[in-house]
Amino acid sequence: MAKKVFFSFHYQDVIDFRANVVRNHWRLKLDRQSAGYFDKSVWEEAEAKSDIGLKRLINGALTGCSTTCVLIGTHTYARRWVQYEIMKSFRDGKKVIGVHINSIKDKNQVVKIKGANPFSSLGVTYSSSGLTATLKVARGDKWYDYTDIDGTASFQTGGVPSRFHGQGYNLTEFCPVFDWVSQDGYNNFGTWVD
């Protein structure tokens, strides 16, 4: 059965057509079901909406999605709303993956070097019981509580395996990253989101 996938991306990668290659690759297949997903992304409207309005828009789009796919371009890692979408998805227990898209030729047939992994600057620490966790964000070489979701960084986990108790992790521990070109995303994307 096809998954509902939320795509998170820097809007510049839509302008350059890289994000569109991934989001629309199902069009070259028989149907969305055979592609393995249904797209449920939100176009970045930060200038048109308040922070609260944009959060509501994102939260609504994330509802019913099983996976969040971060399309990683050059500056994706630094985008506030991409970080929000990642952290909200992680906190809500969704599968989160990344796909490097700079190896996809843009509208001018140019590729770029890989962008930084956005999961590297985001993290989580678990309480000694594993029943609560605190979201973290790196700014420079320091880590801070990530409070952009609802004003608090802490949340109930419902319990995590004991190996995580009392430990802190970078989200790279939980969020796999793929490359669209070198790992044949056209044929493998459906398995990545499963």
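One-based numbering along the sequence shown.
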Item to check | Atom of Trp180, atom of Val21 and distance for their closest heavy-atom approach | outcome: NE1-CG1, 3.8 Å
Checklist entry - Would you say the side-chain atoms of Asn117 pair up with the backbone N or O of Phe119, donor to acceptor, closer than 3.5 Å? => result yes
Item to check | Minimum heavy-atom distance Ala19-Ile101, with the two atoms named | outcome: N-CD1, 3.9 Å
Checklist entry - How close do Ala133 and Tyr126 get, heavy atom to heavy atom, and via which atoms? => result CB-CD2, 3.6 Å
Checklist entry - Counting N and O atoms only, with roles assigned by atom type, does the side chain of Asp184 sit under 3.5 Å from a partner on the main chain of Asn188, one being a donor and the other an acceptor? => result no
Checklist entry - Is Lys55 salt-bridged to Asp51, cutoff N-O under 4.0 Å? => result no
Next on the checklist: Tell me if a side-chain donor or acceptor on Lys95 pairs with a main-chain N or O of Asp194 at a distance below 3.5 Å.
Outcome noted: yes
Next on the checklist: For Ser120 and Asn170: C-alpha separation, side-chain torsions, deciding distance, then whether side chain to side chain donor-acceptor pair (under 3.5 Å) applies.
Outcome noted: CA-CA 6 Å; Ser120 298; Asn170 186 292; 4.7 Å; no
Checklist entry - Would the number of heavy atoms belonging to other residues, nucleotides or ligands and lying under 6.0 Å from NE2 of His75 be above 12? => result no
Checklist entry - Applying the side-chain contact (heavy atoms from CB on, under 4.5 Å) test to Val177, which of His100, Lys114, Gln183 qualifies? => result His100
Item to check | Sidechain-backbone polar pair: Gln83 side chain, Tyr77 backbone, donor-acceptor under 3.5 Å | outcome: yes
Item to check | Residue Arg56 excluded, over 12 heavy atoms near CZ under 6.0 Å | outcome: no
Checklist entry - Nearest heavy-atom pair of Asp145 and Val137: which atoms, and what distance? => result O-CG1, 4.3 Å
Item to check | Thr152 and Ser154: CA distance, side-chain angles, deciding distance, side chain to side chain donor-acceptor pair (under 3.5 Å) verdict | outcome: CA-CA 6 Å; Thr152 180; Ser154 297; 4.6 Å; no
Checklist entry - Is Lys112 atom NZ crowded by more than 12 heavy atoms from other residues, nucleotides or ligands, each under 6.0 Å away? => result yes
Next on the checklist: On a heavy-atom basis, which atom in Asp148 and which in Tyr84 lie closest, and how many Å separate them?
Outcome noted: O-CE1, 3.6 Å
Item to check | Reported OG-to-CZ distance for the pair Ser127 and Phe164, which is rounded to 0.5 angstrom | outcome: 13.0 Å
Item to check | Any side-chain heavy-atom pair of Val22 and Phe7 under 4.5 Å | outcome: yes
Checklist entry - Listed by chain and number, what are the ring-ring contact (aromatic ring centres under 6.0 Å, His included) partners of Phe90, not counting sequence neighbours? => result Phe174
Item to check | Heavy-atom side-chain proximity of Asn59 to Thr63 below 4.5 angstrom | outcome: no
Checklist outcome for this item: Looking only at heavy atoms, the pair that brings Thr68 and Glu85 closest together is CG2-O, 4.5 Å
Item to check | Backbone N/O of His10 and side chain of Arg79: donor-acceptor pair under 3.5 Å | outcome: no
Next on the checklist: Using modelled atom types and a 3.5 Å cut-off, is there a donor and acceptor pairing between side-chain atoms of Thr134 and backbone atoms of Thr125?
Outcome noted: no
